[in-house]
Amino acid sequence: MKKLLFLSLLTLSLFSCESEDSIEQPVPAKVLGEWETYKVEKQELHLEGFSGVQAIHSIKWYDQTSQFSTESTLEFNEDSTFKNFYANVTTGEGTWNIIDDQSFNFTFNNTLSNWSDLENSYTVNFYCDNTMSIQYRITPPAGNHDFQNSDWYIIQYYRIPGTLQCHDSIDYKVN
């Protein structure tokens, strides 16, 4: 009887240990932490030439990366908030949420850092664990051209500070 009671208690304790170990902890969102800008690409109006007196334009991607691009950072926190910084000065803040394992969405709480008049929220896309981008619409350039009603974009590429971005996984618009 003592052996049966001992075996029962031993089996019960093994199952309780096993069930505690098998409880899955939530996987942290890959957007968490600090991210620095390393490349910026923007669509601009490009003059192709002239046909008589008529200017012929096209939309072309240009590299707009500044020598100070790494001064612009985003910090995503576990409490679903984020901050936008330039040279360690807060320029905006808001909230973020998960779309799926590879995409996240964020929205600014204030008008201090309104990246675009055409976007209310922004989508973050990942290429690997330390590289992501944010593409958003911008206002078309002024002037009389055939692309006034087209969507114009800017893409900001981010990496975790101190790491190298995974270039092989990214199809940049400008090389």
Side-chain angles (χ1 to χ4, degrees), residues 22-48 57-110 112-141 145 147 149-175:
S22 66
I23 296 173
E24 289 188 32
Q25 296 296 322
V27 177
K30 56 192 324 183
V31 76
L32 290 176
E34 184 180 353
W35 298 86
E36 68 182 7
T37 307
Y38 72 89
K39 185 175 181 74
V40 178
E41 297 177 319
K42 181 181 177 186
Q43 286 182 314
E44 293 189 3
L45 194 61
H46 177 73
L47 178 62
E48 296 285 339
H57 293 100
S58 65
I59 300 173
K60 187 173 178 182
W61 285 96
Y62 287 91
D63 187 342
Q64 296 291 310
T65 307
S66 162
Q67 65 181 358
F68 304 108
S69 64
T70 57
E71 294 291 328
S72 178
T73 60
L74 288 168
E75 184 177 281
F76 293 89
N77 304 306
E78 288 183 18
D79 64 356
S80 296
T81 63
F82 76 92
K83 288 189 177 184
N84 184 201
F85 298 94
Y86 186 80
N88 296 322
V89 174
T90 303
T91 59
E93 54 188 26
T95 58
W96 65 270
N97 59 37
I98 297 173
I99 297 173
D100 59 40
D101 289 341
Q102 294 297 317
S103 301
F104 298 82
N105 182 295
F106 66 96
T107 305
F108 286 98
N109 290 342
N110 55 19
L112 177 65
S113 181
N114 192 7
W115 285 6
S116 171
D117 293 335
L118 303 174
E119 302 282 340
N120 291 323
S121 65
Y122 301 84
T123 302
V124 175
N125 293 301
F126 282 88
Y127 301 100
C128 59
D129 288 341
N130 72 327
T131 308
M132 68 178 187
S133 71
I134 302 166
Q135 176 176 306
Y136 55 93
R137 291 183 312 139
I138 56 175
T139 305
H145 53 82
F147 304 103
N149 295 323
S150 298
D151 288 337
W152 293 76
Y153 292 96
I154 190 168
I155 303 172
Q156 296 180 1
Y157 296 92
Y158 291 83
R159 66 180 170 218
I160 294 174
T163 66
L164 293 176
Q165 58 277 4
C166 52
H167 287 300
D168 295 345
S169 304
I170 305 169
D171 186 18
Y172 292 111
K173 307 295 184 189
V174 181
N175 291 322

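Numbers for residues simply follow the sequence, beginning at 1.
Residues Glu75 and Lys83 are not paired through a salt bridge, judged by the lack of any N-O separation under 4.0 Å between the basic side chain and the carboxylate. In this structure, Arg159 pairs ionically with Glu36, as a charged nitrogen and a carboxylate oxygen lie closer than 4.0 Å.
The OG1 atom of Thr123 sits 9.5 Å away from the CD atom of Gln135 when rounded to the nearest 0.5 Å. If you take CG on Leu32 and OG on Ser80, they are separated by 8.5 Å, rounding to the nearest 0.5 Å. Remark: Lys60 NZ to Leu47 CG distance equals 11.0 Å, nearest 0.5 Å. Annotation: the span from Met132 atom CE to Ile170 atom CD1 amounts to 11.5 Å, rounded to 0.5 Å. One finds the CZ atom of Phe108 at 10.0 Å from the CD atom of Glu93 (value rounded to the nearest 0.5 Å). For the atom pair CD1 (Ile160) and OG1 (Thr73), the distance works out to 13.0 Å, reported to the nearest 0.5 Å.
Contact between Leu45 and Pro141 at its shortest, heavy atoms only, is CB-CG, 3.9 Å. Between Phe147 and Pro140, the shortest heavy-atom distance links the atoms O-CB, 4.4 Å. Closest approach of Gln43 to Ile138, counting heavy atoms only: O-CD1, 4.3 Å. Considering all non-hydrogen atoms of both residues, Ile99 and Asn105 come closest at CD1-CB, 3.7 Å. Of all the heavy atoms in Gln156 and Trp115, the pair that sits closest is OE1-CH2, 3.5 Å. Summarising the geometry of Leu118 relative to Thr139, their closest heavy-atom pair is CD1-N, 3.7 Å, with the distance given to 0.1 Å.
For the side-chain hydrogen bond (donor to acceptor under 3.5 Å, both in side chains) with Gln64, the lone residue among Lys42, Lys39, Glu41, Glu44 that qualifies is Glu44. In summary, of the residues considered (Trp35, Phe106, Trp96, Phe104), a ring-ring contact (aromatic ring centres under 6.0 Å, His included) with Phe82 occurs for Phe106 alone.
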### Full working for side-chain contact (heavy atoms from CB on, under 4.5 Å) between Thr65 and Tyr38
CA-CA 7 Å; Thr65 307; Tyr38 72 89; over 6 Å; no
### Task
Output, in order, the C-alpha distance, side-chain angles, deciding distance and verdict of side-chain contact (heavy atoms from CB on, under 4.5 Å) for Lys30 and Phe126.
CA-CA 9 Å; Lys30 56 192 324 183; Phe126 282 88; 3.8 Å; yes
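Heavy atoms of other residues, nucleotides or ligands lying less than 6.0 angstrom from CG of Asp171 number 12 at most. Heavy-atom neighbours of Glu48 CD from other residues, nucleotides or ligands within 6.0 Å: above the threshold of 12. The 12-atom threshold is not exceeded at CG of Asp129, counting heavy atoms of other residues, nucleotides or ligands nearer than 6.0 Å.
No side-chain heavy atom of Ser169 sits less than 4.5 Å from a side-chain heavy atom of Thr131. Counting only heavy atoms from C-beta outward, the side chains of Tyr158 and Val124 never approach each other to under 4.5 Å. Side-chain atoms of Glu34 and Phe85, non-hydrogen and from C-beta on, never get closer than 4.5 Å to each other.
Side-chain N or O atoms of Asp79 include one that pairs as donor or acceptor with a backbone N or O of Thr81 at under 3.5 Å. Panel note: side chain Ser72, backbone Ser69; no donor-acceptor pair is recorded below 3.5 Å. Judged by distance alone, the side chain of Thr107 and the main-chain N or O of Ser121 form no donor-acceptor pair under 3.5 Å.
Qualifying ring-ring contact (aromatic ring centres under 6.0 Å, His included) partners for Tyr153, counting only residues two or more places apart in sequence or in other chains: none.
Ring centroids of His167 and Tyr172 are separated by less than 6.0 Å, placing the two rings close together.
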